[in-house]
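Okay, so here's the structure we're looking at.
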Amino acid sequence: MSRLMTQPQIIHTISELRRRVASWRNGGARIGMVPTMGALHAGHLSLVEQVAAQADKVVISIFVNPTQFAPHEDFDSYPRTLEEDRAKLTTGKADLIFAPSVSEMYPNGHATTLTVGGPSEGLETDFRPHFFGGVATVVAKLLIAAMPDIAIFGEKDYQQLLVIRRMAQDLALPTEIAGAAIVREPDGLALSSRNAYLSTNERRVAGQLNVVLKDVIARLHGGMDISEAKITGKNALLNAGFDSVDYVAIRNAENLKPLGTLTGAARILAAAKIGKTRLIDNMPV
Ligand code: PAF
């Protein structure tokens with residue numbers, strides 16, 4: 001199906017989204033969705049490309065979701081750049097931008113929050129206990145509103161991807177949840193909208209996160225045990241200039257259960273802070 005090489009239209013309401021998607025579906029289109037919080041970078045654009053390769057029509061949502069931020073976090077300062085975001089979507093791969101207001105997504109009297117167990121236990125939840133409830137709730141609302149055949153999420157938020165997959169499975173949503181490989185800068189730093197907060201010196205330190213993870217993976221393959229590898233990784237991040245390390249963890253790649261020894265598919269995941277910026281990254285072991 002051909003797409004016009006123009007910027008996609010922006011709509012703001014769930015009823016309009018439902019109307020547009022219904023008319024595409026009546027025409028036999030397979031629908032793809034890319035949920036985002038905006039401040040689009042090459043990682044998001046690659047999600048759009050990948051889902052467009054598997055769908056006839058693509059809707060990208062741009063919504064800075066208040067329920068996944070704690071009061072002390074960066075909800076107010078999170079970049080909101082809707083017009084710039086729209087200008088980046090010129091390849092014709094995104095057909096529609098859904099950019100609802102907070103009151104559209106959370107009208108007065110909103111009293112429902114989803115709690116997902118399983119993969120949400122530990123890691124991010126130990127440091128951001130509000131996070132996955134907010135993510136699962138907003139993503140469920142977005143998927144129920146658009147009912148896409150496929151929705152795609154970046155592996156940079158690996159735990160989030162598994163939580164969303166579990167939520168969609170448990171609610172029997174008819175949407176395939178696809179994951180996409182992390183897009184990285186030349187020095188290996190995973191692309192993130194929050195990288196924009198980094199000063200020049202912090203940016204240099206940030207580039208060490210992926211280097212340390214690769215080094216820990218090499219040590220694990222060299223026979224280092226998991227508990228020692230976690231400590232080695234944490235110390236290496238502090239030595240590289242990170243101010244604090246929330247975790248360096250080696251987990252089962254499918255369910256994120258802790259591993260005593262390196263068996264089956266494993267994933268290394270880390271979260272660390274430089275100044276006020278918190279960065280996460282992960283890799284297959
Ligand atoms: O990864 C994100 O950008 C957000 O957590 C998501 C999935 C769009 C939900 O707000």
Side-chain angles (χ1 to χ4, degrees), residues 12 14 17 32-48 50-51 58-70 73-82 84-85 88-89 94 96-106 110 112-116 119-120 123-125 127-146 148 150-169 171 173 175-183 190-197 269 271 277-282:
H12 300 285
I14 292 174
L17 176 65
M33 186 170 204
V34 187
T36 80
M37 298 207 300
L40 301 183
H41 51 63
H44 297 112
L45 301 181
S46 129
L47 296 179
V48 172
Q50 289 178 60
V51 92
V58 173
V59 49
I60 176 167
S61 63
I62 295 183
F63 177 61
V64 184
N65 172 35
T67 63
Q68 68 191 72
F69 291 80
E73 290 181 346
D74 55 346
F75 175 71
D76 290 332
S77 57
Y78 199 88
R80 286 167 178 80
T81 54
L82 187 55
E84 287 99 311
D85 289 347
K88 287 179 188 153
L89 296 166
L96 193 62
I97 299 172
F98 175 53
S101 63
V102 171
S103 60
E104 177 70 9
M105 291 306 282
Y106 297 107
H110 174 88
T112 301
T113 301
L114 287 181
T115 304
V116 183
S120 76
L123 302 173
E124 287 301 291
T125 297
F127 298 89
R128 308 183 70 199
H130 56 283
F131 181 64
F132 289 122
V135 167
T137 304
V138 81
V139 173
K141 289 185 67 127
L142 291 167
L143 296 182
I144 290 168
I150 180 168
I152 193 163
F153 299 86
E155 283 185 349
K156 204 204 93 207
D157 295 271
Y158 191 79
Q159 190 177 12
Q160 167 177 281
L161 170 64
L162 296 197
V163 169
I164 290 170
R165 208 169 255 157
R166 185 65 208 243
M167 176 277 290
Q169 184 190 324
L171 298 182
L173 296 181
T175 302
E176 178 195 337
I177 305 298
I182 299 176
V183 180
L191 295 193
S192 163
S193 304
R194 290 190 168 104
N195 293 350
Y197 300 152
L269 305 101
T277 308
R278 184 173 184 275
L279 299 178
I280 57 173
D281 199 350
N282 68 87

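Whatever order the structure lists ligands and atoms in, that order sets their numbers, starting from 1.
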**Q.** All ring pair (Phe, Tyr, Trp, His ring centres under 6.0 Å) counterparts of Y78, not counting sequence neighbours
**A.** F69
Q) Do R80's NZ or CZ and the ring of F75 fall within the cation-pi criteria of under 6.0 Å and 45°? A) yes
Q. With a distance cut-off below 6.0 Å to the six-membered ring centre and an angular limit of 45° from the axis, does K141 pair with Y106 as a cation-pi contact?
A. yes
Q.
Please determine whether a side-chain nitrogen of the Lys or Arg among E176 and R165 lies less than 4.0 Å from a carboxylate oxygen of the Asp or Glu.
A. no
Q | salt_bridge(R278, E73) N-O dist < 4.0 Å | A | no
(Q) With a 4.5 Å cut-off on side-chain heavy atoms, are F98 and P35 touching? (A) no
Nitrogen or oxygen contacts under 3.5 Å, ligand 1 side and protein side:
residue, atom, partner, partner atom, Å
ligand 1, 1 (O), Q160, NE2, 2.8
ligand 1, 5 (O), Q68, NE2, 2.9
ligand 1, 5 (O), Q160, OE1, 2.7
ligand 1, 10 (O), Q68, OE1, 2.7

